[in-house]
Amino acid sequence: MKDINIAFIGGGNMARSLVGGLLDDGMPAERIWVADPNEAVLRNLHEHFAIHITTDNNEAALNAQVVILAIKPQLAKTVVRALAPAIQNGRPLVISIAAGIRETDLRSWLSGDTAIVRTMPNTPALVRSGATALFANSAVSKVQRNLAESILRAVGMTLWVDDESLMDAVTALSGSGPAYFFLIMEALENAGEHLGLPRETARLLTLQTAFGAAKMALESNDDLAELRQRVTSPGGTTEQALNVLQNHKLEAVFDEALSAAHRRSVELAEIFGGNN
Ligand SMILES: NC(=O)c1ccc[n+]([C@@H]2O[C@H](COP(=O)([O-])OP(=O)(O)OC[C@H]3O[C@@H](n4cnc5c(N)ncnc54)[C@H](OP(=O)(O)O)[C@@H]3O)[C@@H](O)[C@H]2O)c1
């Protein structure tokens with residue numbers, strides 16, 4: 001990976017996090033280009049990371065074997081269409097991190113048989129703890145697949161999906177997921193405070209408990225139901241709390257919530273995609 005050039009189109013939060021992760025992984029700074037219309041953003045990136053910067057998307061793309069689309073989804077169509085000649089010229093691997101932008105739309109905006117990896121990262125990527133699903137089209141080679149995976153792995157865990165329509169489910173689960181956990185943690189913090197704990201104590205206990213539970217689950221081969229049962233003694237305190245949550249049909253609530261997010265993901269892909 002050290003001898004390829006990577007160009008970021010868009011130098012916002014996600015690009016910044018990926019650049020930081022790639023440099024930490026040993027990627028040389030002179031191999032990275034960031035294009036963004038905002039000169040202040042570019043100057044800041046250059047001062048911080050000593051990478052190449054440009055306000056010209058085509059200039060960045062023409063130098064690259066990998067082009068990463070890190071612009072907002074609503075700008076994708078315009079920006080990607082304008083990049084098409086440079087992409088057709090250099091034939092780089094195109095990696096999109098733009099939420100909801102379909103491979104079929106990217107391919108038609110770029111025209112030609114472009115190698116495209118569509119990804120769906122989530123916000124914890126900003127602290128290198130993201131969960132990113134990737135989908136490759138049939139023009140992507142094995143080497144390019146590995147490349148895409150190692151780039152996204154710089155900001156967290158990666159996994160592949162074979163069917164692009166599953167990206168809407170990924171969006172509903174891990175894309176929007178950090179907000180669900182923030183809401184649950186907020187509720188726990190408030191409930192702890194209602195029981196008399198100082199706010200800061202309730203906050204710290206909540207966060208460390210969430211972190212510890214996730215770490216335990218990640219390090220265990222047992223399924224989540226088993227882990228839950230193991231910490232739920234008959235007649236104990238946990239059982240009392242879980243009974244209340246189950247009586248309020250928590251699982252059904254999450255089913256409904258994720259279905260709503262899934263529906264919206266499909267709608268947004270329609271709104272941002274297409275050729276009009
Ligand atoms: N942040 C996350 O946690 C997260 C998670 C999953 C997926 N994503 C996806 O990642 C993508 C980037 O998100 P982000 O949070 O990094 O957004 P962001 O901070 O707004 O970054 C986008 C950057 O693109 C720049 N830009 C605007 N027009 C451009 C153009 N014509 N050519 C090149 N660059 C242009 C923007 O400049 P201005 O600010 O001056 O307009 C901004 O610096 C989005 O598609 C988002 O869906 C983000």
Side-chain angles (χ1 to χ4, degrees), residues 1-12 14-23 25-39 41-42 45-46 49-73 75-98 101-121 132 134-155 158 160 164 272-273 275:
M1 187 156 92
K2 290 182 181 141
D3 49 0
I4 58 148
N5 291 329
I6 301 182
F8 287 87
I9 308 301
M14 282 298 280
R16 191 181 182 90
S17 179
L18 277 161
V19 168
L22 288 169
L23 294 176
D25 282 355
M27 176 101 195
E30 64 269 22
R31 295 258 167 215
I32 301 178
W33 290 72
V34 177
D36 194 289
N38 188 328
E39 294 196 15
V41 163
L42 289 178
L45 283 167
H46 179 69
F49 298 120
I51 51 166
H52 297 285
I53 51 171
T54 174
T55 51
D56 181 352
N57 291 348
N58 286 306
E59 185 191 2
L62 280 172
N63 284 307
Q65 286 75 48
V66 178
V67 172
I68 302 182
L69 303 172
I71 29 107
K72 289 281 186 209
L75 287 179
K77 191 189 296 186
T78 316
V79 172
V80 173
R81 277 178 171 162
L83 268 177
I87 301 288
Q88 288 316 318
N89 190 49
R91 306 200 61 73
L93 166 67
V94 173
I95 300 176
S96 168
I97 63 167
I101 302 298
R102 293 174 298 213
E103 180 274 331
T104 36
D105 288 317
L106 291 167
R107 190 155 31 92
S108 94
W109 300 334
L110 288 168
S111 54
D113 198 14
T114 312
I116 297 170
V117 172
R118 172 186 170 187
T119 74
M120 182 63 218
T132 303
L134 304 97
F135 168 78
N137 74 2
S138 58
V140 175
S141 69
K142 182 96 182 95
V143 170
Q144 288 175 320
R145 260 177 98 95
N146 290 340
L147 204 51
E149 199 174 311
S150 16
I151 291 169
L152 269 304
R153 222 186 295 123
V155 292
T158 57
W160 289 93
E164 192 188 3
F272 298 137
N275 270 312

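Only heavy atoms go into these numbers, but all of them, side chains included; no hydrogens, no water, no symmetry mates.
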| request: With sequence neighbours left out, write down each residue that passes side-chain hydrogen bond (donor to acceptor under 3.5 Å, both in side chains) with Thr158, or none if nothing qualifies. | output: none
| note | Here the pair of heavy atoms bringing Gly112 nearest to Arg107 is O-CG, 3.7 Å
| Would you find a donor on one side and an acceptor on the other, under 3.5 Å apart, between the side chain of Glu164 and the backbone of Glu103? | yes
| field | Stepwise side chain to side chain contact (heavy atoms under 4.5 Å, CB included) test for Leu106 and Leu69 | value | CA-CA 10 Å; Leu106 291 167; Leu69 303 172; 3.8 Å; yes
| Between CZ of Phe135 and CH2 of Trp160, what distance do you get to the nearest 0.5 Å? | 9.5 Å
| remark: Correct closest heavy-atom pair for Ala154 and Asp25 would be CB-OD2, 3.6 Å
| field | side chain to side chain contact (heavy atoms under 4.5 Å, CB included) assessment of Phe49 paired with Arg16 | value | CA-CA 9 Å; Phe49 298 120; Arg16 191 181 182 90; 3.9 Å; yes
| query | Residues two or more places apart in sequence or in another chain: which of them pass side-chain hydrogen bond (donor to acceptor under 3.5 Å, both in side chains) with Arg91? | reply | Gln88
| field | Ser150: side chain to side chain contact (heavy atoms under 4.5 Å, CB included) partners, not counting sequence neighbours | value | Met1
| field | Under 3.5 Å donor-acceptor, Ser96 side chain and Ala98 backbone | value | yes
| message | I'd like to know whether Val94 forms a side chain to side chain contact (heavy atoms under 4.5 Å, CB included) with Val80, so could you lay out the CA-CA distance, the side-chain angles of the two residues, the decisive distance to 0.1 Å, and finally the verdict. | response | CA-CA 10 Å; Val94 173; Val80 173; over 6 Å; no
| message | Would the distance check show the side chain of Thr55 and the main-chain N or O of Pro37 forming a donor-acceptor pair, the cut-off being under 3.5 Å? | response | no
| task | Output the distance between atom OG (Ser138) and atom CG (Asp113), rounded to the nearest 0.5 Å. | result | 6.0 Å
| request: Please round to the nearest 0.5 Å and tell me the distance separating atom CD1 of Ile116 and atom CD1 of Ile87. | output: 9.0 Å
| message | Within this structure, what is the OG-CZ distance for the pair Ser108 and Arg81, rounded to the nearest 0.5 Å? | response | 7.0 Å
| query | Partners of Asp105 by salt bridge (Lys or Arg N to Asp or Glu O under 4.0 Å), sequence neighbours excluded? | reply | Arg102
| message | Quick check for you: to the nearest 0.5 Å, what is the distance between Thr132 atom OG1 and Ile97 atom CD1? | response | 8.5 Å
| field | Sequence-distant partners of Arg153, salt bridge (Lys or Arg N to Asp or Glu O under 4.0 Å), two or more places apart | value | Glu149
| field | Name of the residue among Leu22, Ile151, Ile51 meeting side-chain contact (heavy atoms from CB on, under 4.5 Å) with Met27 | value | Leu22
| Partners meeting side chain to side chain contact (heavy atoms under 4.5 Å, CB included) with Val41 (sequence neighbours left out) | Asp36, Asn38, Leu45
| message | Taking side chain to side chain contact (heavy atoms under 4.5 Å, CB included) as the definition, give me every residue that meets it alongside Ala76, ordered by chain and number, with sequence neighbours left out. | response | Ile71, Ile101, Trp109
| Taking only residues two or more places apart in sequence or in another chain, which ones pass side chain to side chain contact (heavy atoms under 4.5 Å, CB included) with Pro85? | none
Side-chain donor/acceptor pairs under 3.5 Å, residues 57-65, sequence neighbours excluded:
| unit_1 | atom_1 | unit_2 | atom_2 | d |
| --- | --- | --- | --- | --- |
| Glu59 | OE1 | Thr54 | OG1 | 2.6 |
| Asn63 | ND2 | Glu59 | O | 3.0 |
| Gln65 | OE1 | Asn5 | N | 2.6 |

| Rounded distance (nearest 0.5 Å) linking atom CD of Gln144 with atom CG of Asn137 | 9.0 Å
